[in-house]
Amino acid sequence: MAQKPSVPRGTRDFSPAEMLRRNYIFDIIRRTFSLYGYLPLETPAMENLSTLLGKYGEEGDRLIFRILNSGNFLSGMEPSTLVGADSAFLAKHFSEKGLRYDLTVPFARYVVQHRNEISFPFRRYQIQPVWRADKPQKGRYREFFQCDADVIGSDSLLNEFELIRIIDHVFSELKINVIIKVNNRKILAGIAATAGAGDRITDITVAIDKLEKIGSEGVRQELLQRGITPDVIERLDPFLSLRGSAASKLSGLKREIAASPEGQKGLAEMEELFSYLGMEPTEARVELDLSLARGLNYYTGTIIEVKADDMVIGSICGGGRYDDLTGIFGLPGVSGVGISFGADRIYDVMLHLGLFPEQTGAATEVLVINFGGEELMELIKIAVALRDAGIATELFPDAVRLKKQFSYADAQNIPMVIIAGSNELKAGQATVRNMKTGEQTTMSLSALPEFIREVKSH
RNA sequence: GUGGUUGUAGCUCAGUUGGUUAGAGCGCCAGAUUGUGGAUCUGGAGGUCGCCGGUUCGACCCCGGUCUUCCACCCCA
C-alpha cells in the first residue's frame, strides 16, 4: 500500500471494461459526425502559448497547463533579473508551450494556418483530450475528452439547425433524455442595451446564467455585486420572467427590445432557426432559454447547451457561433459555429442511469479449452477456423485444470466455451457449452463456425 | 485561486477516549469434485492503518506539513 504508484490528481486510467464503454460512446458520436459530412482532424497536445493565451479570458489563462522549456533556460539570464521577479515574468521566460485547453482554438489556428489548402465551408470533427489546471471534483477532471464538430466559413443558420440535429441524433442513440437549450448572444446584447447597460453585457450575462442555480433573487444580488445599478436591474426583470413557448417568448421580446438593432437581428436568427426545427422536429425538447449565457466569451450569435433530464450534473454538450475567432489569428470575417460533447460526463450519466448495453464492444465470444498434449495442434486449428469466420476467439494459453479455464470464461463474461479433448477429437467432433444456459451441444468440427454464428445471432 | 472534507486488506467499511500479535463482509487462492464456471462447506494468503516529520516511555489514534478524494465558491465539459 505504502509506495504504490499513482497518476496525477484529476487524471484517470481507463480499464478495459471502461474503455469498451467509452468507445461505445465515441463510436456513436463519430458515426453521427461523419453522417452529417464532418471530416476528422487531429492537432497536437501542445500548442504555442501565444496561440492559447488571451482566448479564454483571465480565468481561462490561469487554467492552462504550461510546459517548461527544455534545455538550460537559465543560460544568459542575469541572476539579478530573477531577484524579485514575479511569476508572470518567470513563466514567460521559462515556458513557451502549453497543453491545449479546448479543441476550438487549435482548430481556429489550423484554419488560419492552412487557409489556402481548405475549401470553405469547412466541416471538421475532432475527438481528443484537453487539459485544464482546475481543482478536480466529481465530473470535473484535469484531463478529459471533448468531441467537437465545427463548420467554419458559413453564416447560414442551417449549420446551427444541423448541429442541433446531430445533438438530438447522438443522445437518442445513447438513450439519454436531454433538454437542448438555445439562446442568442445578440438577444442578450439587445436586452442589456434596452436596460440601459449595453456596455455591461458580460457582467449581466454571467449573472443571468446562474438563474437556474440561485434563483431570481440570487441573480439580483449577483448583479448588484457586479455594480449594476438597481434601476437597470429593474428593467432587466421582465426578461427574466418571460415564460411560455419559444414563439411567445420571441414575440414578447420583439416589442421589448424594438429599439436595439442587434437584438432584433438576434431575434430574426432565432425565428429562422426555430422555423427549421418546426419543419423537422427533434426527439429532445429544444427550448429558448433567455438565461442561457455560457462563459466562453468568443460566442457572438447562437449559443447551445444540453442538460440531462434524469440526473443533476453540469452540461453534457455545448456550443455556439463565433464570428471573430480566426480574426485573432489574422483571418477576419470568417464565421464559425460548433458543438462539443463532454464524453466523460456523458459516461457518468450513462453509468448512473444504467444505460450501457450489456455487451459493449468486441469482447471475446468463444474460449477454446486447452487440453495440451497431442490435442493442442487440433485446438489451434479450431481457433484459426473460428477467427477466419469472424468470431472473436481465445485459446486458453495454459493446459491447466478445466475448473480454472471455466472460471476464467465466467469471469471474462465469455458466452461460449469449446471443449475438444481426446474423446471428441477422436470422432472429429467438439462440444460447445453455452455459459449462460449451461446447455452443451456436440457436433463435427466443420459445423462449429456456423453453429456459433447461429447462437450469436439470437 | 479561496474555504472545508476524506484516506484502515483487491473492494465496501468497522475499530481503539494513545498501551503487547489491527477486524468483518465481499473478492482472491487451495481443497471437498484428478474433463466443466456461477451454489455450499473447509482451510489459506493478503495491511510498516496515504506519505513525511513532531509530541510521548509508547502513535493507526494527538499536532504540523504534504499528497489524494469529495464538497461549496469561482469557472466549466
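Within every chain, numbering begins at 1; the chains are lettered A, B, ... in the order of the sequence lines, protein sequences first and strands thereafter.
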**Student:** If I pick the C1' atom on B:U5 and the same atom on B:G50, what distance separates them, to the nearest angstrom?
**Tutor:**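 Result for the C1' pair: 15 Å, nearest Å.
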**Student:** Mind checking the C1' distance from B:C75 to B:U8? Whole angstroms is fine.
**Tutor:**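 Approximately 35 Å lies between the C1' atom of B:C75 and that of B:U8.
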**Student:** Looking for any heavy atom pair under 4.0 Å, which part of the strands does A:Gly421 touch: base, sugar-phosphate only, or nothing?
**Tutor:** base
**Student:** Rounded to whole Å, please give me the gap between CG in A:Leu103 and P in B:A77.
**Tutor:** 11 Å
**Student:** A:Asn370 has an atom CG; how far is it from atom P of B:G35, in whole Å?
**Tutor:** 13 Å
**Student:** Charged N to carboxylate O below 4.0 Å: is that the case for A:Glu18 and A:Arg22?
**Tutor:**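 Here A:Glu18 does not pair with A:Arg22 in a salt bridge, since their nearest N and O are not under 4.0 Å apart.
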**Student:** Is the shortest side-chain N to carboxylate O distance from A:Lys55 to A:Asp61 below 4.0 Å?
**Tutor:** no
**Student:** Nearest whole angstrom, please: distance from the C1' of B:C76 to the CG of A:Asp344.
**Tutor:** 13 Å
**Student:** In whole Å, what separates the C1' atom of B:C60 from that of B:C51?
**Tutor:**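 These two C1' atoms come out 14 Å apart once rounded.
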**Student:** On the ring face of A:Tyr101, is A:Arg132 found with NZ or CZ under 6.0 Å from the centre and within 45° of the axis?
**Tutor:**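 Yes.
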**Student:** Between B:C26 and B:G38, how many Å separate the two P atoms, rounded to a whole number?
**Tutor:**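 Those two atoms are separated by 15 Å.
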**Student:** What does A:Ser315 touch in the nucleic acid at a heavy-atom separation under 4.0 angstrom: a base, only the sugar-phosphate, or nothing?
**Tutor:**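 The answer is sugar-phosphate, as A:Ser315 gets under 4.0 Å only of primed atoms, P, OP1 or OP2.
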**Student:** Counting the atoms with a prime plus P, OP1 and OP2 as sugar-phosphate, which does A:Ile316 contact under 4.0 Å by heavy atoms, base, sugar-phosphate, or nothing?
**Tutor:** sugar-phosphate
**Student:** If I take atom CD1 in residue A:Ile167 and atom P in nucleotide B:A77, what distance separates them, rounded to the nearest angstrom?
**Tutor:** 13 Å
**Student:** So, for A:Tyr125 and A:Phe33, is the gap between ring centers shorter than 6.0 Å?
**Tutor:**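 Under 6.0 Å, so yes.
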**Student:** Could you write out RNA chain B as a dot-bracket string, with dots for unpaired bases, | for bases paired across to another strand, and Watson-Crick or G-U pairs counted at under 3.5 Å?
**Tutor:** ((((..(..((((.....[...)))).(((((.......))))).....(((((..]....))))))..))))....
**Student:** Can you tell me the distance, in whole Å, between the CD1 atom of A:Ile176 and the C1' atom of B:A77?
**Tutor:** 13 Å
**Student:** Does any donor-acceptor pair link the side chain of A:Asp410 with the base of B:G37 at a separation under 3.5 Å?
**Tutor:** yes
**Student:** Measure from NZ or CZ of A:Arg165 to the centre of the six-membered ring of A:Tyr36 and say whether it is under 6.0 Å with the direction within 45° of the ring axis.
**Tutor:** no
**Student:** Under 4.0 Å, counting only non-hydrogen atoms across every strand here, what does A:Lys210 touch: a base, just sugar-phosphate, or nothing?
**Tutor:**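 If one applies the 4.0 Å heavy-atom cut-off, A:Lys210 turns out to touch the sugar-phosphate alone, with no base involved.
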**Student:** Mind checking if A:Gln440 touches a base, just sugar-phosphate, or nothing, with heavy atoms under 4.0 Å?
**Tutor:**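 The residue A:Gln440 makes base contact.
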**Student:** In terms of the angle between their ring planes, are A:Tyr322 and A:Tyr299 parallel, tilted or perpendicular, with boundaries placed at 30° and 60°?
**Tutor:**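 Tilted, since the angle between the ring planes falls between 30° and 60°.
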**Student:** Say we look at B:C76 and B:U16: how far apart would their C1' atoms be, to the nearest angstrom?
**Tutor:** 44 Å
**Student:** Could you check whether the side chain of A:Arg401 and the base of B:G35 have a donor-acceptor pair of N or O atoms closer than 3.5 Å, going by distance alone?
**Tutor:** no
**Student:** For nucleotides B:U20 and B:C57, find the distance between their C1' atoms and express it as a whole number of Å.
**Tutor:**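 Roughly 14 Å separates the two C1' atoms.
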**Student:** Is A:Arg12 touching bases, backbone alone, or none of the nucleic acid, heavy atoms closer than 4.0 Å?
**Tutor:**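 Here A:Arg12 touches no strand at all.
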**Student:** If the C1' atom of B:A24 is compared with that of B:C49, how far apart are they to the nearest Å?
**Tutor:** 16 Å
**Student:** B:C52 and B:A9: how far apart are their P atoms, nearest whole angstrom?
**Tutor:** 16 Å
**Student:** When the aromatic ring centroids of A:Phe145 and A:Phe341 are compared, is their separation below 6.0 Å?
**Tutor:**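 Judged by ring-centre distance (under 6.0 Å), A:Phe145 and A:Phe341 do not meet the cut-off.
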**Student:** Please figure out whether A:Lys403 or A:Arg62 has its closest RNA chain B nucleotide nearer the 5' end.
**Tutor:**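 Its nearest nucleotide being more 5', the pick is A:Arg62.
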**Student:** Inspect the contact between A:Arg142 and A:Asp134 and indicate whether a charged nitrogen and a carboxylate oxygen are less than 4.0 angstrom apart.
**Tutor:**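 Looking at A:Arg142 together with A:Asp134, the answer is no, because their closest N to O distance does not fall below 4.0 Å.
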**Student:** How close or far is atom P of B:G37 from atom CD of A:Gln405, stated in whole angstroms?
**Tutor:** 12 Å
**Student:** Please say whether the positively charged group of A:Arg109, taken as NZ for Lys or CZ for Arg, lies over the ring of A:Phe329, i.e. under 6.0 angstrom from the six-membered ring centre and within 45 degrees of the axis.
**Tutor:** no
**Student:** Centroid distance below 5.5 Å plus an interplanar angle below 30 degrees: do A:Phe371 and B:G35 meet both conditions?
**Tutor:** no
**Student:** Among B:C75, B:A77, B:C29, find the nucleotide with the atom closest to the side chain of A:Arg345.
**Tutor:**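 My answer, after comparing the listed nucleotides, is B:A77.
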**Student:** Which residue in the set A:Ile152, A:Thr326, A:Thr43, A:Leu325 passes side-chain contact (heavy atoms from CB on, under 4.5 Å) when paired with A:Phe107?
**Tutor:**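 Going through A:Ile152, A:Thr326, A:Thr43, A:Leu325 one by one, the side-chain contact (heavy atoms from CB on, under 4.5 Å) with A:Phe107 is satisfied by A:Ile152 alone.
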**Student:** Answer with yes or no after comparing the ring centroid distance for A:Phe396 and A:Phe406 against a 6.0 Å cut-off, counting only values under it.
**Tutor:** no
**Student:** Under the 3.5 Å rule, do the base of B:G35 and the side chain of A:Glu424 count as making a donor-acceptor pair?
**Tutor:** yes
**Student:** Output the rounded distance in Å from CG (A:Asp209) to C1' (B:C76).
**Tutor:**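 The answer, rounded to whole Å, is 10 Å.
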**Student:** Any salt bridge between A:Glu47 and A:Lys97, counting N to O under 4.0 Å?
**Tutor:**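 Salt bridge between A:Glu47 and A:Lys97, a charged N being under 4.0 Å from a carboxylate O: no.
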**Student:** Return the value, rounded to whole Å, for the distance between atom CD of A:Gln221 and atom C1' of B:C73.
**Tutor:**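 Distance, rounded to whole Å: 16 Å.
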**Student:** For nucleotides 64-71 of chain B, just jot down a letter per nucleotide in 5' to 3' order: B, S or -, based on protein non-hydrogen atoms under 4.0 Å.
**Tutor:** ----SSSS
